[in-house]
**Q** 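I'd like to ask some things about the structure below.
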Number of protein chains: 2
Amino acid sequence: MKDVVTACPVEDVMRVLRGRWRSLLLYYLVNGPKRFSDLQRDLPGISQRMLTLDLRELEAEGLVARTVYPEAPPRVEYALTDDGERILGLLNALGDHWADMRARRKAMAA
Amino acid sequence: MKDVVTACPVEDVMRVLRGRWRSLLLYYLVNGPKRFSDLQRDLPGISQRMLTLDLRELEAEGLVARTVYPEAPPRVEYALTDDGERILGLLNALGDHWADMRARRKAMAA
DNA sequence: CAGAATCCATACTGATACTG
DNA sequence: CAGTATCAGTATGGATTCTG
């Protein structure tokens, strides 16, 4: 994915967060660093390929930090950066509003 | 697109806003109702097909209201709902943070 | 004007097998 | 464990043509 910059920052973030797993990945990193295999367990259904690609993309965008511990067997940890935490905070606000919205609409329908 | 509801509201909103044009569409509706042809001008490159599909989806999700004025030639206006405005507000906050982030990263690189 | 219908291109995602 | 490589399917988006 190219680092395209448009006139609209909203469009830019959304392009980065668009993938099926990306926001969810941030979501599961909120409680501290996790390993590759931990994340595979958290996101049932994700393939190794997508987990790798999405982590790399989020890392390139500065939302996730990747740390390799040179041991055998190898250990790699992924953590939210400060920017990642801020973005996730806003995503959660978005999710909360959405949940409220749905609840109200459901109540209306009843 | 199915109205799937997962355990994570963030995932749910993101699924709705994921499309290439959706967030941008909300963005351009913030200054009051617009007609189909207005939106085509605002979003250079969007096809009629996608504009129609995305507007319908946003309408189904309660973010956009569609009003038909039975005239000849037909006139149709699209406007943000209250929920749509709230969601857009949060998207803009997200965009602002993103812009800040990029500015800081650019300054660091220099 | 505001679409609907059809066909086509590509981007995104997943399954599987293999490696240091 | 933490990936990479390859192949293939599905979803998304675009071009074109047609209509009330």
Side-chain angles (χ1 to χ4, degrees), chain A residues 1-4 6 8 11-26 28-29 32-61 64-79, chain B residues 1-4 6 8 11-29 33-61 64-79:
Chain A
M1 184 175 299
K2 296 296 176 51
D3 198 17
V4 185
T6 69
C8 174
E11 195 182 355
D12 295 337
V13 220
M14 292 305 288
R15 194 197 338 276
V16 172
L17 301 176
R18 179 173 300 163
R20 172 169 170 189
W21 307 102
R22 304 229 176 129
S23 55
L24 214 49
L25 219 34
L26 298 181
Y28 278 112
L29 283 175
K34 293 211 177 185
R35 304 180 60 172
F36 192 89
S37 50
D38 294 332
L39 292 169
Q40 275 192 303
R41 267 183 292 278
D42 289 335
L43 285 68
I46 195 173
S47 63
Q48 288 185 325
R49 170 186 155 82
M50 289 314 299
L51 184 51
T52 301
L53 290 179
D54 285 343
L55 283 170
R56 291 290 142 78
E57 173 71 13
L58 293 174
E59 188 191 358
E61 295 293 342
V64 163
R66 178 175 185 267
T67 310
V68 182
Y69 298 90
E71 311 167 352
R75 188 161 63 92
V76 179
E77 281 190 350
Y78 296 91
Chain B
M1 184 175 297
K2 296 296 176 50
D3 198 17
V4 186
T6 68
C8 174
E11 195 181 354
D12 295 338
V13 220
M14 292 306 288
R15 193 196 340 276
V16 172
L17 301 176
R18 180 172 301 164
R20 174 169 169 189
W21 307 101
R22 303 228 176 130
S23 55
L24 213 50
L25 219 34
L26 298 181
Y27 188 80
Y28 279 113
L29 283 175
K34 293 213 175 181
R35 304 179 60 172
F36 192 88
S37 50
D38 294 332
L39 292 170
Q40 275 192 302
R41 266 183 293 279
D42 289 335
L43 284 68
I46 196 172
S47 62
Q48 289 185 327
R49 169 188 156 80
M50 288 315 298
L51 184 51
T52 302
L53 290 179
D54 284 343
L55 283 171
R56 291 290 143 79
E57 173 71 12
L58 292 173
E59 189 191 359
E61 294 294 342
V64 163
R66 178 174 185 267
T67 310
V68 181
Y69 298 91
E71 312 166 352
R75 188 160 64 91
V76 180
E77 281 190 349
Y78 295 91

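Keep in mind the model is a prediction, meaning the values are calculated, not measured. Below, read A as the first sequence line, B as the second, and so on, with proteins coming before strands; counting in each chain starts at 1. All values below were derived from every heavy atom in this structure, side-chain atoms included, with hydrogens, water molecules and symmetry-related copies excluded.
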**Q** Please classify the nucleic acid contact of B/Arg18 as base, sugar-phosphate, or nothing, using heavy-atom distances under 4.0 Å.
**A** nothing
**Q** Mind checking the CG-CZ spacing from A/Leu17 to B/Arg18? Nearest 0.5 Å is all I need.
**A** 10.5 Å
**Q** Using 0.5 Å steps for rounding, measure from the CZ atom of A/Phe36 to the CD atom of A/Glu77.
**A** 14.5 Å
**Q** Rounded to whole angstrom units, what separation is found between the CG atom of A/Leu51 and the P atom of D/dC1?
**A** 13 Å
**Q** Can you check the B/Asp54 CG to C/dA4 P distance for me, whole Å?
**A** 13 Å
**Q** Would you say B/Tyr78 reaches C/dC1's phosphate, i.e. side-chain N/O to OP1/OP2 under 4.0 Å?
**A** no
**Q** Give the rounded distance in Å between these two atoms: CZ of A/Phe36 and C1' of C/dT19.
**A** 14 Å
**Q** Quick one: which protein N/O atoms are closer than 3.5 Å to N/O atoms of nucleotides 7-11 of chain C? Pair and distance per line, please.
**A**
none

**Q** Measure from CZ on A/Arg75 to C1' on C/dG20 and round the result to the nearest Å.
**A** 18 Å
**Q** Salt bridge check, A/Asp38 against A/Arg35: does any charged N sit closer than 4.0 Å to a carboxylate O?
**A** no
**Q** It should be established whether B/Arg66 places a side-chain nitrogen or oxygen under 4.0 Å from OP1 or OP2 of nucleotide C/dG3.
**A** yes
**Q** Using only side-chain N and O atoms of A/Arg35, determine if any of them is under 4.0 Å from OP1 or OP2 of D/dA2.
**A** yes
**Q** Quickly work out the B/Arg20 CZ to C/dC12 P distance and round it to whole Å.
**A** 10 Å
**Q** Among A/Leu25, A/Ile46, A/Asp54, find the residue that satisfies the side chain to side chain contact (heavy atoms under 4.5 Å, CB included) test when tested with A/Leu39.
**A** A/Leu25
**Q** To the nearest 0.5 Å, tell me how far A/Leu55 CG sits from A/Leu29 CG.
**A** 7.5 Å
**Q** Checking contacts here: which listed nucleotide (C/dG3, C/dC1, D/dT4) is nearest the side-chain heavy atoms of A/Gln48?
**A** D/dT4
**Q** Evaluate side chain to side chain contact (heavy atoms under 4.5 Å, CB included) for B/Met14 paired with A/Met14, printing each intermediate quantity in order.
**A** CA-CA 9 Å; B/Met14 292 306 288; A/Met14 292 305 288; 3.8 Å; yes
**Q** Can you tell me the distance, in whole Å, between the CZ atom of B/Arg15 and the P atom of D/dT10?
**A** 19 Å
**Q** Considering heavy-atom distances to DNA chain D, does A/Thr52 or A/Pro74 have its closest nucleotide positioned more toward the 5' end?
**A** A/Pro74
**Q** Grab the CD-P distance between B/Glu57 and D/dA11 for me, whole Å please.
**A** 14 Å
**Q** Nearest whole angstrom, please: distance from the P of C/dG14 to the CD1 of A/Ile46.
**A** 7 Å
**Q** Any chance you could measure B/Tyr28, atom OH, to B/Trp21, atom CH2, to the nearest 0.5 Å?
**A** 10.0 Å
**Q** OP1, OP2 of C/dA15 versus side-chain N and O of A/Ser47: anything below 4.0 Å?
**A** no
**Q** From the options C/dA4, C/dC1, C/dT13, select the nucleotide whose nearest atom is closest to the side chain of B/Ser37.
**A** C/dC1
**Q** Is A/Tyr69 touching bases, backbone alone, or none of the nucleic acid, heavy atoms closer than 4.0 Å?
**A** nothing
